[in-house]
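Shown next, in structure tokens, is the structure this report addresses.
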2 protein chains.
Amino acid sequence: MTVTLADVAARAGVSAATVSRVLNGNYPVAAGTRGRVLRAVEELEYVVNGPASALAAASSDLVGILVNDIADPFFGILAGAVQTELSGASGPGGEKLAVVCNTGGSPERELTYLTLLQRQRAAGVVLTGSASEDPAHARALAAGLARLSGAGTRVVLCGRPVQEAGAEPESGVEPESRAPLTALAFDNRGGAQRLTGHLIALGHRRIGCVAGPAGRTTTAERLAGHRAALAAHGIEDPPRRVVHGAYDRGSGYDAAVELLRRDSELTAVVAANDTAALGVCAALRDRGLRVPEDVSVAGFDDLPFSADAAPALTTVRLPLAEAGARAGRLVTGREERPPGGLATLPAELMVRGSTSVRYP
Amino acid sequence: MTVTLADVAARAGVSAATVSRVLNGNYPVAAGTRGRVLRAVEELEYVVNGPASALAAASSDLVGILVNDIADPFFGILAGAVQTELSGASGPGGEKLAVVCNTGGSPERELTYLTLLQRQRAAGVVLTGSASEDPAHARALAAGLARLSGAGTRVVLCGRPVQEAGAEPESGVEPESRAPLTALAFDNRGGAQRLTGHLIALGHRRIGCVAGPAGRTTTAERLAGHRAALAAHGIEDPPRRVVHGAYDRGSGYDAAVELLRRDSELTAVVAANDTAALGVCAALRDRGLRVPEDVSVAGFDDLPFSADAAPALTTVRLPLAEAGARAGRLVTGREERPPGGLATLPAELMVRGSTSVRYP
DNA sequence: CTGTTAGCGCCTTCAG
DNA sequence: CTGAAGGCGCTAACAG
């Protein structure tokens, strides 16, 4: 019914082995033979059976990309950049397919997807975004990644701390068989510190913080940077100035309302990301406060729409496209892993209209 | 080395077939036996070999999603919604994996991905976004989709016209073997017509149009709606009032500059989508024109950030999440296909601050 | 309910 | 440079 390698071989008057060789181009074949085979492929509209070759060759051309939420441009940009590099991978193994897995930030789903990808014998996996800080999950994740590595899958962390990278699940495992992890981290801490430092320089002292979801590494890193800036200037930082929330507009809105309820004298707010920052702005406006005249607001990530918000958002730019592209090259083995397996990508302060000197 | 079904069977003291049966849960197995098998699976950390089972069962659990650009929230939302439904597919075949393919709007890449997905024996494919209007590509695409359908892959068009749906590549093909295509279309034409109608009702007569990329179905549909509204009111529509461009901010900016160069008396501009509309706004601002006092601007799609732009964008809301979710259910066979295989989703006019009555 | 028996379609030594 | 043969790991009839 469906045409197979054997059909092509018969049509071309050669053996199946020869057809396989011209198709994979990994072995010398006479030009004439190759031509006949290729013609037969065309005529029969033959399409390789991926599962069959994956089984025989013990390798597939799937690459998994784990993201919190593909609808969020932060991850969309990252995933798109990875994907672009995958399709450019004409080298060893040719075109790879990107399997995008939405974890929704759930550690359980993260593990589930890791297993699913291992089941597919994925050639590589890129984990993006923040990780859970829960030790049990960190351990389970490290074990899962070790199993993948052990199976020959390349693992790249992108925009994640390296906590997993160092995990050594079992001694006694032959090191050669384990591809080492590679990590691309963002300088969240430094970026946050510069951002809050910028607000302090503008005269702000009562700075509210809409932190990201609790228990996640990215949240912790950015919060640490924020606090470091405050501490460096001897500014007190009572716990009531920090509210945790998700990375969406509604959370930003609610968090801002809560922060104002706790302290109506705030003159600035740093948000978990740009989307939340827009929610903060909306909440302020709804309460009759102007941005930045009454309250300065800052975001994080510098997503494309941030420059078009009104006022344009002061934020911290993360090199998402570069990070994704690099992760894509690393996971396909087209780029050498950085020394130590870890590279930190810069976070650049972008000063725009949503922050200004404190007026009162 | 790597643990197989046979290992699990040995450990549990049963045959490989039995292990397969408990794992797939598609055949009765005694509770006790099942327990022993499951324990063995745990102990051995056994993970099914996807390619092997796909080969034997002649089916995989991969679903392809073709998008123009996953970094664009329009597609991110769509893809995310599809994906969410896939992981909820615990029914027949269980969890499906989403393979996201960025075509960049290139018909060639579209065909390439279709072949790649056919090679993987994908369980289904969802094609999103606009299609090329070129007849040759339309034909090639129809042929490709027919091949997929013929191989048992479910095909769903989402936010696409049905031109492909009717294609009959070869007579003589047994109809039963071809799963029929299903299409979910947006009412682009109606939405555009209402949008331009809204501007006309506000007194605008010289309305510039930043249309999407030329030669694409979505562009054509929206432009047709725009023109229908103008025609309905007897407003002339010289060609110079329309400029084509991509769906990004820069294109919107450039197009606006060009439109103003051609006619500095414009009082309104409708853009290809929200992102381009923000570019239009930026261009107007840079030339000292206020939105909406001097020029009204409208977008399309109603992406999340549109409400936070300044001024908030008047636009047309497309039910992206609903469409994606439905496509996900259709492609996994969890929802009946609509009568005739085609459903049209409504496009709702959202009036906000970026459009106002024409101030002469 | 469970074991046995054949392949699924391709890759990969090993000869020639 | 090409062909023949075996097996990758699993599923799907058949028997029992």
Side-chain angles (χ1 to χ4, degrees), chain A residues 1-38 40-41 44-61 92-94 116 118-123 151-152, chain B residues 1-38 40-41 44-62 92-94 118-123 151-152:
Chain A
M1 208 226 76
T2 155
V3 15
T4 75
L5 238 206
D7 299 328
V8 177
R11 185 98 151 100
V14 297
S15 74
T18 301
V19 177
S20 171
R21 296 201 258 254
V22 336
L23 257 28
N24 293 305
N26 53 6
Y27 214 80
V29 172
T33 316
R34 155 191 309 280
R36 266 183 302 137
V37 169
L38 259 17
V41 167
L44 267 37
E45 290 191 326
Y46 171 68
V47 176
V48 179
N49 183 318
S53 58
L55 171 58
S59 75
S60 81
D61 45 4
L116 252 25
Q118 184 182 352
R119 164 184 311 190
Q120 297 296 333
R121 301 301 187 254
Chain B
M1 209 225 73
T2 155
V3 13
T4 76
L5 237 207
D7 298 328
V8 177
R11 186 101 150 98
V14 298
S15 75
T18 301
V19 177
S20 171
R21 296 199 260 253
V22 337
L23 257 28
N24 293 305
N26 53 6
Y27 215 80
V29 171
T33 317
R34 156 191 306 280
R36 266 181 303 136
V37 169
L38 258 19
V41 167
L44 267 36
E45 290 192 323
Y46 171 67
V47 176
V48 179
N49 183 318
S53 59
L55 172 58
S59 75
S60 81
D61 46 5
L62 298 179
Q118 184 182 352
R119 163 182 311 190
Q120 297 296 333
R121 301 302 188 254

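Reminder, nothing fancy here: chain letters follow the sequence lines and each chain counts from 1.
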For the side-chain contact (heavy atoms from CB on, under 4.5 Å) test, which of A:Val3, A:Val48, A:Leu23 pairs with A:Val41?
A:Leu23

With A:Val19 as reference, evaluate A:Val8, A:Thr4, A:Asp7 under the side-chain contact (heavy atoms from CB on, under 4.5 Å) test and give the passing residue.
A:Val8

Using OP1 and OP2 only, check whether a side-chain N or O of [X] sits under 4.0 Å from [N].
{"X": "A:Thr33", "N": "D:dT2", "answer": "yes"}
{"X": "A:Ser53", "N": "C:dC10", "answer": "no"}
{"X": "A:Thr18", "N": "D:dG3", "answer": "yes"}
{"X": "B:Thr4", "N": "D:dG9", "answer": "no"}

As an exercise, state the distance from CZ of B:Arg119 to CZ of B:Arg121, rounded to the nearest 0.5 Å.
9.5 Å

For the helix from C:dC1-D:dG16 to C:dG16-D:dC1, what is the angle between the axes at its two ends, each from 5 pairs, rounded to 10°?
30°

Once side-chain hydrogen bond (donor to acceptor under 3.5 Å, both in side chains) is applied, do any residues pair with A:Thr18, and if so which ones, sequence neighbours excluded?
A:Ser15

Contacts of B:Ser60 that satisfy side-chain hydrogen bond (donor to acceptor under 3.5 Å, both in side chains) - sequence neighbours left out
none

Evaluate the side-chain proximity of A:Val22 to A:Thr33: yes if any heavy-atom separation is below 4.5 Å, no if none is.
no

Is the shortest side-chain heavy-atom distance between A:Asp61 and B:Gln120 below 4.5 Å?
yes

Using the salt bridge (Lys or Arg N to Asp or Glu O under 4.0 Å) rule, collect all pairs that involve residues 19-32 of chain B, keeping only residues at least two apart or in two chains.
none

Just jot down the salt bridge (Lys or Arg N to Asp or Glu O under 4.0 Å) partners of A:Arg11, sequence neighbours excluded, or say none.
A:Glu43

Take the protein atom [atom1] of [X] and the nucleotide atom [atom2] of [N], then report the distance between them rounded to whole Å.
{"X": "A:Arg34", "N": "D:dT2", "atom1": "CZ", "atom2": "C1'", "value": "14 Å"}
{"X": "B:Leu5", "N": "D:dC8", "atom1": "CG", "atom2": "P", "value": "13 Å"}
{"X": "A:Arg121", "N": "C:dC11", "atom1": "CZ", "atom2": "P", "value": "18 Å"}

Sorted by number, the residues of residues 19-31 of chain A with heavy-atom contact under 4.0 Å to DNA chain D
A:Arg21, A:Tyr27, A:Pro28, A:Val29, A:Ala30

Sorted by chain and number, sequence neighbours left out, side chain to side chain contact (heavy atoms under 4.5 Å, CB included) with A:Ser20 holds for A:Leu5, A:Asn24

Residues in side chain to side chain contact (heavy atoms under 4.5 Å, CB included) contact with B:Ser59, at least two apart in sequence or another chain
B:Ala57

Between the protein and nucleotides 5-8 of chain C, list the N/O to N/O atom pairs that are separated by less than 3.5 angstrom.
residue	atom	partner	partner atom	Å
C:dC8	O2	B:Ala56	N	3.4

